Amino acid sequence: MKNFNKTHKLLMTVLVVSMVAGIMAFATYSAFSSTTDNQNNNFATGSVALSDNDGGTALYSVTNAKPGDASPAKCITVTYGGSLGASVKLYRSAFTAGTGLDTQLDLTVTKGTGGAFADCSGFTPAATGSAVYSAKLSAFPTTFAGGLALTNTSGSAAWAQNDVVTYKFQASLPSTTNDTYQNKATGTHAFTWEAQNN
């Protein structure tokens, strides 16, 4: 009789455990479900890119000049290749080994189309807004913040991909330059076109 009770209790325990497990399994699989998703998410940046055709050659390099002399007019073509609309400004670097001639030298920069680097024979000034700069070299801006705001060929301040503008540069020493400026130089300097996205 004792063995029967033990066997009975064991069978009952197994039965209860089995029932609980069955109920749990049923509860696990009894819920309805549905899903939806949103695929192919991505985030990419655009670009800002400027190039020119100078080939590493200076726009002017004059030696042994006298009052009234001018550099040959040279053209440089600037192309905007970025995918983002951008504002473009022009400024110069500081002078290296200058001795003060920058305060006397007149610089003229004209905007237009056509012409090849160092050859402005095919250059055509823009119908409007062609005068970019006409003053002393010393007064040329030296930072992006203070730089000359440049427009594209259609006159827009927002440059778009494949906008191309040609600039004609000419530097000249006024005929009124006095003897104080003999053996003087501007010092080497660079002109920088910089684009920043709008």
Side-chain angles (χ1 to χ4, degrees), residues 50-80 86-160 163-196:
L50 280 176
S51 61
D52 66 57
N53 66 340
D54 68 6
T57 304
L59 284 161
Y60 50 83
S61 181
V62 178
T63 59
N64 207 33
K66 63 184 183 302
D69 282 354
S71 68
K74 288 189 179 179
C75 286
I76 182 170
T77 299
V78 175
T79 302
Y80 183 70
S87 298
V88 179
K89 291 187 178 182
L90 174 62
Y91 55 94
R92 69 160 171 81
S93 67
F95 301 112
T96 301
T99 52
L101 192 60
D102 57 288
T103 62
Q104 296 300 299
L105 199 69
D106 292 322
L107 179 65
T108 302
V109 182
T110 308
K111 180 184 86 171
T113 58
F117 184 74
D119 177 10
C120 290
S121 59
F123 176 78
T124 302
T128 58
S130 61
V132 173
Y133 186 80
S134 184
K136 298 299 182 188
L137 176 61
S138 57
F140 205 92
T142 57
T143 63
F144 178 85
L148 304 174
L150 303 175
T151 57
N152 61 16
T153 52
S154 64
S156 173
W159 287 48
D163 276 345
V164 178
V165 181
T166 301
Y167 298 92
K168 181 172 75 172
F169 278 67
Q170 188 162 36
S172 59
L173 192 60
S175 57
T176 55
T177 304
N178 62 46
D179 287 346
T180 307
Y181 293 96
Q182 291 188 59
N183 293 315
K184 299 292 184 183
T186 61
T188 57
H189 48 283
F191 293 102
T192 299
W193 286 258
E194 181 176 342
Q196 291 190 6

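As a basis for the values below, the full set of heavy atoms in this structure was taken, side chains included, without hydrogen atoms, waters or symmetry mates. These numbers were taken from a predicted model, which means no experiment stands behind them.
Between C120 and K74, the shortest heavy-atom distance links the atoms SG-C, 3.2 Å. Residue Q104 comes nearest to P174 through the heavy atom pair O-CD, 3.2 Å, listed as atom of the first residue, atom of the second, then distance. Of all heavy-atom pairs spanning Y60 and L107, the tightest one is CE2-CD1, 4.0 Å. Between K89 and G147, the shortest heavy-atom distance links the atoms CD-O, 4.0 Å. Nearest heavy-atom pair across T186 and H189 is OG1-CE1, 3.5 Å.
Put simply, the side chain of T110 reaches to within 4.5 Å of the side chain of F123, judged on heavy atoms. In this structure, I76 and L59 have side chains that are in contact, with non-hydrogen atoms separated by less than 4.5 Å. Looking at heavy atoms from C-beta onward, D106 lies in side-chain contact with K136 at the 4.5 angstrom threshold. No side-chain heavy atom of Y80 sits less than 4.5 Å from a side-chain heavy atom of N152. The shortest distance between side-chain heavy atoms of D163 and V165 does not fall below 4.5 Å. In this structure, Q196 and S87 have side chains that are not in contact, with every pair of non-hydrogen atoms separated by 4.5 Å or more. Under the 4.5 Å side-chain criterion, counting only non-hydrogen atoms from C-beta, F117 is not in contact with D52.
Without hydrogens or angle criteria, S71 side chain to A171 main chain gives a donor-acceptor distance under 3.5 Å. A distance-only check finds a donor-acceptor pair linking the side chain of T99 to the backbone of A185 [under 3.5 Å]. The closest donor-acceptor contact from the side chain of N53 to the backbone of T77 lies under 3.5 Å. The backbone N or O of G114 lies less than 3.5 Å from a partner atom in the side chain of T166, making a donor-acceptor pair.
Rounded to the nearest 0.5 Å, atoms OH (Y91) and CG (L148) are 11.5 Å apart. Taken from CG in L150 to CD in E194, the straight-line distance is 11.5 Å, to the nearest 0.5 Å. Note that CG of L101 is 11.5 Å distant from OG1 of T180, once rounded to the nearest 0.5 Å.
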Could you walk me through whether D54 and F191 pass the side chain to side chain contact (heavy atoms under 4.5 Å, CB included) check? CA-CA 11 Å; D54 68 6; F191 293 102; over 6 Å; no
Side chain to side chain contact (heavy atoms under 4.5 Å, CB included), that's the test. Do L90 and Y133 meet it? Break it down for me. CA-CA 10 Å; L90 174 62; Y133 186 80; over 6 Å; no
Evaluation steps, side chain to side chain contact (heavy atoms under 4.5 Å, CB included), between T151 and K111: CA-CA 9 Å; T151 57; K111 180 184 86 171; 2.6 Å; yes
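In terms of the salt bridge (charged side-chain N to carboxylate O under 4.0 Å, His left out) criterion, residue partners of D69 (sequence neighbours excluded) are, by chain and number, K66.
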Return all side-chain donor-acceptor pairs below 3.5 angstrom for residues 137-145, not counting sequence neighbours, or 'none' if the list is empty.
{"unit_1": "T143", "atom_1": "OG1", "unit_2": "G146", "atom_2": "N", "d": "3.1"}

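Taking the six-membered ring for Trp and thresholds of 30 and 60 degrees, W193 and Y167 have ring planes inclined between 30 and 60 degrees apart.
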